[in-house]
Every structure is written in C-alpha cells, then in structure tokens.
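Here the structure is a predicted model, which means the values were calculated and not measured.
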2 protein chains.
Amino acid sequence: MTQIPSATVTRLIAYLRILTALREQGVERTASDDLAREAHVSAFQVRKDLAYFGRFGTRGAGYLVASLERELQRILGLNRPWNAAIIGMGRLGSALADYPNISDYGFALKVAFDTDPKKIGTTVGGLEVHDMRNLARVVKANAIDIGLLTVPREAAQAATESLAEAGVYGILNFSPVILDAPEGVHIESVDFLAGLKRVSYYLHADQEESDPQAVAG
Amino acid sequence: MTQIPSATVTRLIAYLRILTALREQGVERTASDDLAREAHVSAFQVRKDLAYFGRFGTRGAGYLVASLERELQRILGLNRPWNAAIIGMGRLGSALADYPNISDYGFALKVAFDTDPKKIGTTVGGLEVHDMRNLARVVKANAIDIGLLTVPREAAQAATESLAEAGVYGILNFSPVILDAPEGVHIESVDFLAGLKRVSYYLHADQEESDPQAVAG
DNA sequence: ATATGTGAATTGATTCACAGCG
DNA sequence: CGCTGTGAATCAATTCACATAT
C-alpha cells in the first residue's frame, strides 16, 4: 500500500473522537460534511482520508456512526489492549500515573520505572515503581508494548535504547529532545515547550503584521 | 511575505535547541549539515527554512552558533517576555505550575484560575489561584499574553472564549478537543492521548506488515 | 576549497469535479 | 436525487543543482 500521510493519521484520530461524541449523544448517522465541520477540515479531505483504508459509507446516505467508529478503532489499532509503562517518575510521570482517561481504548498502565532509590519500591497512582536496571525483566513479565518517556532530557536517549533492547517498539516521548529512533522503534513526541514556542512565534508574527515598520532594519 | 510553512516553524524550534546545546558545549561554528544531522532533516531543508527569514551564514564557513541562536530567538519572538496564566488547576495545571523549565526564554507564569471554591485563594507552585469569574480583570492586571488551558474537555471551548474576550490571543490547549479559535486567537494543542493513539497506529501497522494474512478479510 | 543561498524540478498532499451507487 | 468514492488537476513543500561569496 502507498504510505499513509502522517497528517491523515492525526485526522483519523480526530474523526474517531467526533464519532464517539456523536454516538454518546445518540446520533446514528453522519456525513463527511458533518465530520469535516467538526474536525475543521474539508469534506473532500475526510473522504480521501477514509478512502486510504476502504469504503465505509453508503452513497446518498452517509456513514453509520457506530460502525465507522469501530472501523477507525480497528484501523488505528485501538481494538486490542496495549500495555504501557512510565519511564521516569518525576512530576510528569506521577501526573500521568493517575490521569484517568489514559485507560480509554485499552491502554493499560502496568508499571513504572525510576533510578532514584527513594522512589524504587513505592507505589504511585497504583503503579509499582521498579528499578531501571530491571527494565528488561519487568517489561517482559508485563508484556509492555509502549513506554511513556518522562525522564530528564539528558537521560532520554539512553532510556530509549534500553526500551528498544527490552523489546518495547513504541515510545511516547515527553522530553524536549530529538531522539534517535533505534531500528524498528516508533517514537511520537509530545513537546509542550515546543508548543509554547509555536504560540510565541504566531503572536509575534501577528504583531509585526500590524506594526510594519518593525519589520524594517 | 509568503506564508511560512507550519512545519518550518516546528523545525526552527528544533534548530534553536540544537544551537543552544552547541553553545553550552562551547562550539562556536556550525554548518547546515550539522544542524540537519541533529534535527533529522536534510541540509537543504535547514537552509531553505532559514532563507525564509534572511541570510545568516557565511559562504564557505557556515554559521556562528551564538549569532544564529539569537536570530532564531528573535524570529520566534523569544527575545521578549511573555506572561502566561494557567486555566484549570487540576493535576496537569498543578504539575505545570511547578515545572522548572517553563521560564526558559522569558515565559513567566503569573497567575492561575479555577472554578472550584476550595482551590480559589490558595497558592500552588507559587501561583495564586483566582476565580474564573475574575478572569478579565486579573488578566489585564497581569498583562497576560498566553493561556495554558488545562480544564476538562467540556469546559475548554467556553474558557477559550473567555480568554479571547479578556484579550488573551495565544492559547496552549492541553485538552483532547478541537477548539474553535475566536477571531485573532492562535491556538496550539498538546494532545498526549492523540500521541498515544498515533503510537498505536504505527505499532499496529508494523505488525500487519509482518503478518500479511491479517490484512485479508 | 568550501558551504551558503536560491531558482528550477520533483515529489507529495490537498482540492476538485464528477462518475457511481443506493 | 444525495452523498460517497476516486482519478485528474492544483497547490504546496521538499529536494536538488549550482551559481555565489569568502
């Protein structure tokens, strides 16, 4: 199959959320227009995105909400359980450990890791904190698929490699660094400092637009 | 000027981080190759991204680390202070309130808001928690530029509109919803549940690739 | 000699228009 | 007749090649 655009994957996740909300509101049918309006994209885009994976609608009638929701879950791999571990139990790791929505769609937080002897052996948000040195063993025992990487930036690359060696092929990276992905490992980054800087750029750009003499020089 | 690609803005932030790290290591000069390798893009891409904003290098010699770092800060609007407020002092808002790196590059957390009477009047991570009903007044008194939106998803759209009315034109949204941006407001989203689902998609896609009969049916 | 800066070529994604099906 | 599904057209972003400056 031709490679799916990364932007399409992001939009499928948005469509899925919209469908879930529609189903919860008791709506049974929808159309590419509706999804487009809610997702802030064009109806062409919605249909093209779906067309990469198959035909899910009925011409003239649109889509069945519940059935398209299931299809998107299947496409996104959300119709099976994923076991996750938190790597780094600082403030962010601890906040994730008891974030309620994380168990949506079968993501199960199983264990946590840290290097700090004061944390190892404690339980945070229901998760036992293990020694990083036992990563490989504990990952195997718990069949961990995904690592949530919340270590300080200096430790992020080494932790990534340890995860890869332990057989964890999916990483959600929260630290503000560009990681080298080991062979076969997929890394997604959630970088709020970068988001903040993007906001800065656009605010700044808007101001220059309304204040043109500042551009000169 | 032609519109800068959004991907370029993201990459400029990456280049800036690399330059800061190089400067801290005492490196004085660099080249588009170096930046490209570190940022995981092509050297063409680095030069094209920079060319949108001017000429910053010396032919044959490359770039001066400190001076290109300053230029990127200026381009991204990071050479001036930005005042930020946290909207919603749940777990995530509280974690942000005492996240140390947030004051990098002149982002200053000034105040927080919540609707819960038990939280209003308290101080979390050095931030006084105000009543959401006083948003407009407190935003003005503190010259808030950016709102970090950490309210539950049901409250996110209303909070966005309150912020816009109060004159806050930059929002970093942490809640897993697609917000309608009011006129003149720039919204960036940091959505870790979406990141997790992207990881799911790619792990799942890799498995189907190595297990082709699963595709049929 | 070397690495930038940039117009031209290419690739890829989005938009469009309409054929196809219910 | 309405709305999906899709090849063709358009638009945008990336890649390339090389002229240019030091």
Do any side-chain nitrogens or oxygens of [X] fall under 4.0 Å of OP1 or OP2 in [N]?
{"X": "B:Thr58", "N": "D:dT22", "answer": "no"}
{"X": "B:Arg11", "N": "D:dT14", "answer": "yes"}
{"X": "A:Gln45", "N": "C:dT15", "answer": "yes"}
{"X": "B:Tyr63", "N": "C:dG5", "answer": "yes"}

Student check: side-chain heavy atoms of B:Arg70 and B:Asn79 closer than 4.5 Å: no

A:Asp180 and B:His40, any side-chain heavy atoms less than 4.5 Å apart: yes

Among C:dT6, C:dT15, C:dT4, the nucleotide that comes nearest once only the side chain of B:Ala31 is considered: C:dT4

Nearest to side-chain heavy atoms of A:Lys48, which nucleotide of D:dG7, C:dT6, D:dT14: D:dG7

Could you tell me the separation between the [atom1] atom of [X] and the [atom2] atom of [N], rounded to a whole number of Å?
{"X": "A:Phe56", "N": "D:dT6", "atom1": "CZ", "atom2": "P", "result": "11 Å"}
{"X": "A:Leu68", "N": "D:dG5", "atom1": "CG", "atom2": "P", "result": "9 Å"}
{"X": "B:Arg29", "N": "D:dT22", "atom1": "CZ", "atom2": "P", "result": "13 Å"}
{"X": "B:Asp49", "N": "C:dT6", "atom1": "CG", "atom2": "P", "result": "14 Å"}
{"X": "A:Leu12", "N": "C:dA13", "atom1": "CG", "atom2": "P", "result": "14 Å"}
{"X": "B:Phe44", "N": "C:dG7", "atom1": "CZ", "atom2": "C1'", "result": "14 Å"}
{"X": "A:Leu64", "N": "C:dG22", "atom1": "CG", "atom2": "P", "result": "14 Å"}
{"X": "A:Asp34", "N": "D:dC3", "atom1": "CG", "atom2": "P", "result": "10 Å"}

Base C:dG5 to side chain B:Arg47, donor-acceptor N/O within 3.5 Å cut-off: yes

Side chain B:Arg59 and base D:dT22 donor-acceptor under 3.5 Å: no

A:Gly60 or A:Ser42, whichever maps to the more 5' nucleotide of DNA chain C: A:Ser42

5′-ward residue of the pair A:Arg55/A:Ser6 relative to DNA chain C: A:Ser6

B:Arg198 side chain vs A:Ser6 backbone, donor-acceptor pair below 3.5 Å: yes

Heavy-atom donor-acceptor pair, B:Asp145 side chain to B:Trp82 backbone, under 3.5 Å: no

Touch class at under 4.0 angstrom, heavy-atom based, for B:Ser32 against every strand present: sugar-phosphate

Closest approach of B:Leu203 to A:Gly170 (non-hydrogen atoms, all atoms of both residues): CD2-N, 3.7 Å

